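If you're wondering where the values come from, they're calculated on a predicted model, not measured in any experiment. The first residue in the sequence is number 1, and the count goes up from there.
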Amino acid sequence: MQGVTAVAAKMRFTNLSNTQMSGVDLSGADLLNARMEGAILDGANLEGATLANANLSDTLLLDANLRSVNLVGANLSRSNLTGVSLVSAVLANADLTDAKLVNAGLNFANLTGARLENVDLTQAVLSAVNLAGADLSYAILTQTYLYGAILVGANLSDANLDRADLTEVDLTGADLSYTNLTDTILTDAILTDAIVRGTYLSELEF
C-alpha cells in the first residue's frame with residue numbers, strides 16, 4: 001500500500017499488520033479497531049483519522065501526520081513516532097509504553113489516563129497538553145517543552161526532566177518521586193500536594 005491514497009476510507013477491523021504503507025494518505029479514514037502492528041507508516045498522512053482501540057504496536061510512524069487523530073484506547077507500545085505531529089490528537093487511555101516520540105509535536109493533545117512508561121519524549125513539544133492521570137514513570141523528558149501542560153495526578157516517578165520547560169504546568173497531586181529535575185524550569189508551576197520524595201532538585205529555575 002505504499003503511497004496509496006484512501007482518503008476517508010471505511011476500514012474498521014481491517015488487518016494491516018506488517019504492511020508497507022510509507023507515504024499513504026489515510027486522512028479522515030475510519031480505522032476503528034484496526035490491526036496495524038508492525039506496519040511501516042513513515043511519512044503517512046492520517047490527519048483526522050479514527051484509530052480508536054486500534055493496535056499500532058511496534059509500528060514505524062517517522063514524520064507521520066497524525067494531527068487531530070482519534071487514538072482513544074489505542075495500543076502504540078514500542079512504536080517509533082520520531083518527528084510525528086500529534087497536534088490536537090486524542091490519546092486518552094492509549095498505551096504508549098516504551099514508545100519513541102523524539103522531536104514529536106503534541107501541542108493541545110489529550111493524553112488523560114494514557115500509559116507512557118519509559119517513553120522517550122526528548123525535545124518533544126507538549127505545550128498545553130493534557131496528561132492528567134497519565135503514567136510517565138521512567139519517561140525521558142530531556143529538554144521537553146511542556147509550557148502550560150496539565151499533569152494533575154500524573155505519575156512522573158523516576159522520570160528524567162533534565163532541562164525541561166515546565167512553565168505554568170499544573171502538577172497538583174503529581175508523583176515526582178525520584179524524578180530528575182536538573183536545570184528544570186518551573187516558573188509559575190503549581191505543585192500543590194505533589195510528592196517529591198527523593199526528587200533531584202539541582203539548579204531549578206522558579
Side-chain angles (χ1 to χ4, degrees), residues 27 45-49 51 61-72 74 76 79-97 99-157 159-176 179-194 196 199 201 203-206:
S27 53
N45 181 13
L46 290 155
E47 182 168 1
L51 288 150
L61 286 148
L62 306 180
D63 300 312
N65 178 13
L66 276 73
R67 295 175 66 95
S68 304
V69 71
N70 178 356
L71 284 158
V72 174
L76 289 143
S79 291
N80 191 337
L81 297 103
T82 297
V84 75
S85 174
L86 282 158
V87 175
S88 300
V90 182
L91 297 110
N93 300 313
D95 185 356
L96 291 111
T97 305
K100 188 174 182 179
L101 290 113
V102 176
N103 292 316
L106 292 100
N107 312 53
F108 307 105
N110 180 353
L111 288 117
T112 53
R115 292 186 58 190
L116 295 129
E117 300 103 308
N118 203 41
V119 69
D120 189 350
L121 285 156
T122 301
Q123 295 184 331
V125 179
L126 289 86
S127 56
V129 70
N130 190 343
L131 285 156
D135 187 351
L136 288 139
S137 54
Y138 297 95
I140 302 170
L141 295 147
T142 304
Q143 292 184 292
T144 302
Y145 186 75
L146 285 147
Y147 187 98
I150 299 170
L151 285 153
V152 175
N155 180 7
L156 287 149
S157 59
N160 185 358
L161 286 149
D162 178 26
R163 291 166 290 163
D165 189 343
L166 276 70
T167 301
E168 296 186 17
V169 168
D170 190 347
L171 288 156
T172 301
D175 187 352
L176 295 159
T179 302
N180 181 5
L181 295 172
T182 303
D183 295 321
T184 303
I185 301 171
L186 285 161
T187 305
D188 296 321
I190 301 171
L191 290 154
T192 306
D193 297 323
V196 291
T199 304
L201 304 168
E203 304 295 331
L204 280 178
E205 181 178 330
F206 289 95

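Salt bridge Asp135/Arg115: absent, no basic N to carboxylate O contact under 4.0 Å.
Going from atom CG of Asn155 over to atom CG of Leu151 covers 11.0 Å, rounded to the nearest 0.5 Å. Atom CD1 of Ile190 and atom CG of Asp170 lie 4.0 Å apart (nearest 0.5 Å). Interatomic distance, Leu71 CG to Leu91 CG, rounded to the nearest 0.5 Å: 4.5 Å. Atom-to-atom distance recorded for Asp165:CG and Leu126:CG is 11.5 Å, nearest 0.5 angstrom. With values rounded to the nearest 0.5 angstrom, Ile140 atom CD1 is found 11.5 Å from Leu101 atom CG.
Nearest heavy atom pair, residue Thr144 against residue Gln123, reads OG1-N, 3.8 Å. The minimum heavy-atom distance between Leu116 and Ala139, with the atom names listed, is O-CB, 4.0 Å. What you find for Val84 and Ala64 is that their closest heavy atoms are CG2-O, 3.1 Å.
Test Asp193, Leu166, Val196 against Leu171 for side-chain contact (heavy atoms from CB on, under 4.5 Å) and you get one pass: Leu166. Screening Thr142, Asn160, Asp162 for a side-chain hydrogen bond (donor to acceptor under 3.5 Å, both in side chains) with Asn180, the sole residue that qualifies is Asn160. When each of Leu96, Leu86, Ile150, Asn93 is tested with Leu111 by the rule side-chain contact (heavy atoms from CB on, under 4.5 Å), just one qualifies, namely Leu96. None of Thr82, Leu46, Asn80 except one satisfies the side-chain contact (heavy atoms from CB on, under 4.5 Å) rule with Leu61; the exception is Leu46. With Thr179 as the partner, the side-chain contact (heavy atoms from CB on, under 4.5 Å) test is satisfied by one option alone out of Leu156, Leu141, Leu136: Leu156.
In this view, Tyr145 satisfies the side chain to side chain donor-acceptor pair (under 3.5 Å) rule with no residue, not counting sequence neighbours. When the side-chain contact (heavy atoms from CB on, under 4.5 Å) test is applied to Asn110, the partners found at least two apart in sequence or on another chain are Val90, Ala92, Thr112, Asn130. Arg67 pairs by the salt bridge (charged side-chain N to carboxylate O under 4.0 Å, His left out) definition with nothing, not counting sequence neighbours.
Residues Val129 and Leu146 are in side-chain contact: their nearest non-hydrogen atoms beyond the backbone lie under 4.5 Å apart. Between Leu191 and Leu176 there is a side-chain heavy-atom pair separated by less than 4.5 Å. Considering only heavy atoms from C-beta on, Thr182 stays 4.5 Å or farther from Arg163 through its side chain.
No side-chain donor from either of Ser27 and Glu47 sits under 3.5 Å from a side-chain acceptor of the other.
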